[in-house]
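Heads up: the structure comes next, in structure tokens.
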Amino acid sequence: MHYKFEDFVKDLSNLTKGKANLDEVKILLKKLAKDKEFLKKIPVNIKKDNPARYLLHADKDNKFAIYSVVWDKDQGTLAHDHDDTWVLR
């Protein structure tokens, strides 16, 4: 059985019931990245001046949101945080 986006959301929701560990989240992302059908469904429209952001899931309790951020070849950023949130790349 393949690990699907719905599995990722469920696992991430369970992780965020306590203090989420970024290493655990990275493991889940690596599992999800193996789902080639899911990856094909993610929008990849590139914007020249700014990254394109696509909301893939918003947690009903506002604990987390999952976005796809698409950069042009000369754009990018390192993993970073925004106050009490974090970004994984």
Side-chain angles (χ1 to χ4, degrees):
M1 183 166 129
H2 295 282
Y3 190 75
K4 301 287 185 193
F5 183 71
E6 294 78 17
D7 301 319
F8 176 73
V9 169
K10 180 181 167 193
D11 289 345
L12 192 55
S13 182
N14 287 333
L15 276 179
T16 58
K17 288 179 181 174
K19 184 163 176 69
N21 179 311
L22 291 181
D23 291 330
E24 293 174 301
V25 177
K26 287 179 186 179
I27 290 168
L28 297 177
L29 277 171
K30 286 180 182 180
K31 287 172 60 174
L32 180 61
K34 293 177 184 177
D35 182 357
K36 303 302 180 199
E37 293 305 310
F38 168 71
L39 294 177
K40 289 178 187 176
K41 295 177 189 175
I42 297 174
V44 291
N45 297 322
I46 295 173
K47 294 181 180 179
K48 292 295 178 188
D49 297 329
N50 297 303
R53 288 184 2 157
Y54 302 97
L55 177 64
L56 303 180
H57 176 82
D59 178 66
K60 63 181 171 54
D61 297 322
N62 293 320
K63 294 184 294 182
F64 65 91
I66 303 169
Y67 287 87
S68 170
V69 181
V70 182
W71 299 91
D72 200 355
K73 63 183 176 183
D74 296 327
Q75 299 172 331
T77 187
L78 299 174
H80 58 282
D81 66 11
H82 297 264
D83 298 320
D84 293 332
T85 64
W86 34 262
V87 175
L88 295 176
R89 178 176 167 210

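The chain is numbered in sequence order, starting from 1. Below, all heavy atoms of this structure are taken into account, side chains as well, without hydrogens, waters or symmetry copies.
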When rounded to the nearest 0.5 angstrom, what is the spacing between [atom1] in [X] and [atom2] in [Y]?
X   : Y   : atom1 : atom2 : value
N14 : E24 : CG    : CD    : 11.0 Å
D35 : E6  : CG    : CD    : 8.5 Å
Q75 : N50 : CD    : CG    : 7.0 Å
D11 : T16 : CG    : OG1   : 10.5 Å
I66 : F8  : CD1   : CZ    : 4.5 Å

[X] and [Y]: same hydrophobic cluster, using ILVMFWY side-chain contacts below 4.5 Å?
X   : Y   : result
L29 : Y3  : yes
L39 : V25 : yes
L12 : I42 : yes

For D59, which residues count as a side-chain hydrogen bond (donor to acceptor under 3.5 Å, both in side chains) partner, sequence neighbours excluded? none
With under 30° as parallel and over 60° as perpendicular, where do the rings of F38 and F5 fit, or are they tilted in between? parallel
Show your working on side chain to side chain contact (heavy atoms under 4.5 Å, CB included) between F64 and L15 and close with a plain yes or no. CA-CA 11 Å; F64 65 91; L15 276 179; over 6 Å; no
Take atom NZ of K4 as the centre, draw a 6.0 Å sphere, and report whether it contains more than 12 heavy atoms from other residues, nucleotides or ligands. yes
Working note: Y54 + V70, criterion side chain to side chain contact (heavy atoms under 4.5 Å, CB included); need CA distance, chi angles, decisive distance, verdict. CA-CA 8 Å; Y54 302 97; V70 182; 4.0 Å; yes
Of all heavy-atom pairs linking D7 and H2, the shortest is OD2-O, 3.7 Å
